[in-house]
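Here's the structure we're looking at; comments come further down.
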Amino acid sequence: MNGLRGRRIVVTRPAHQADAMADALRAAGAVPVLLPTIAIEPPDPPALLHAALRALADHDWVVFTSVNGVHAAFAAASSLGVSDDDWRRVRVAAVGPVTAAALAKQGVRTHAMPDEHRSDRIADAMGSVAGARVLLLRAERAEPDLPRLLVARGADIADVVAYRTVPARHDATARARLDGVDAVTFTSASTAHGFTVVVGNGWRKSLEGVVVASIGPVTTRGLRELRVDVDVEATTHTVDGLVAALNGYWGEG
C-alpha cells in the first residue's frame with residue numbers, strides 16, 4: 001500500500017519549478033496542489049553580477065548552491081558574451097545532483113559536490129581552498145555559513161547575488177486551495193516566508209492539523225524562525241527525498 005495515495009499535498013515551489021515535484025507526487029499516488037509562494041527575479045541592480053561574470057577567469061572556483069543560481073548566472077553570462085572557454089578555466093562546485101545536472105546542460109563539469117546536499121557542506125567537498133579565489137553565485141538572502149567556512153579556510157571569496165527570491169503575487173484563491181490538504185511542503189526558507197505573504201492574515205491557522213514537510217535543515221530553520229513546527233524533514237535533500245520522507249511519515253516508506 002502507498003502511504004501517499006490520495007493525499008493532497010501542497011507544492012510551494014516557484015511556478016517554473018513546480019512540475020518536477022508535482023510529477024513525483026503523482027507518481028507516488030498523491031494529488032499535488034500548486035501554490036507558488038515565491039518568484040525568481042534578477043538582481044537589482046545587476047552590475048555586480050555582470051562584473052563578476054566578465055572577470056570569471058580571475059577566479060579559481062565558482063560555487064552554485066541552487067538550480068536558480070545556475071539559470072540566473074548563465075542567462076546573464078550569455079547576454080555578456082561569456083564563452084564556454086571562460087567556464088572551462090575555473091573549477092565548479094555544486095550543492096547537489098540537480099544543480100550539477102543543470103550545469104551539465106550548460107556544458108559545464110562539476111568538480112566538487114558534497115555527499116550531503118547542503119550548502120554548508122560544499123566547503124568540505126572542495127578540499128583545500130587556502131589562497132583560492134572563490135566566486136559564490138547565490139540568492140540575495142543566502143545563508144552565511146558557507147562564506148564563513150571558506151574564509152576560515154583561507155579562501156578569498158566574492159559573494160555575489162545572482163538572483164532574488166520575492167514573494168509571489170497575492171493569490172485570492174490561496175486559502176480555498178488549502179482547504180482539506182494533508183500536507184504543505186517547503187523547499188527553502190524563502191518558500192516558507194512567501195507562504196506567509198501569499199496566504200496573508202491567518203496563515204498560521206491554515207497550517208493547523210496539516211503536516212508541514214521540509215526538504216532539509218536550512219529550510220527547517222527558516223520555518224522554526226516563523227515559529228512553525230516541522231513534522232517531516234527529508235534526509236536526502238532533494239524533491240525525491242522529500243516525497244519519500246512524506247511517504248515514510250504515513251508509515252509506508
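Start at 1 with the first residue, then count along the sequence. As a basis for the values below, the full set of heavy atoms in this structure was taken, side chains included, without hydrogen atoms, waters or symmetry mates.
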Tyr163 side, atom OH; Leu49 side, atom CG - distance, nearest 0.5 Å: 12.0 Å
Residues Asp60, Arg91; criterion salt bridge (Lys or Arg N to Asp or Glu O under 4.0 Å); working and verdict: CA-CA 6 Å; Asp60 300 299; Arg91 293 170 66 80; over 6 Å; no
Atom pair CG (Asn68) and CD (Glu41), whose distance is rounded to the nearest 0.5 Å: 12.0 Å
Under 3.5 Å: donor-acceptor pair, side chain of Asp86, backbone of Ser83: yes
Cationic N near anionic O, under 4.0 Å, Glu143 to Arg138: no
Salt-bridge contact Arg8-Asp179 (side-chain N to carboxylate O under 4.0 Å): no
Residue Leu48 excluded, over 12 heavy atoms near CG under 6.0 Å: no
Shared hydrophobic cluster, Leu4 / Val11 (ILVMFWY, side-chain heavy atoms < 4.5 Å): yes
Point-to-point distance, once rounded to the nearest 0.5 Å, from CG of Asp58 to CG of Leu135: 10.5 Å
Nearest-0.5 Å distance that lies between atom CG in Asp124 and atom CZ in Arg118: 10.5 Å
Leu103 side, atom CG; His111 side, atom NE2 - distance, nearest 0.5 Å: 10.5 Å
Plane angle bin for Phe186 and Phe195 - parallel if under 30°, tilted between 30 and 60°, otherwise perpendicular: perpendicular
From Glu208 atom CD to Arg204 atom CZ, the distance as rounded to the nearest 0.5 Å: 10.5 Å
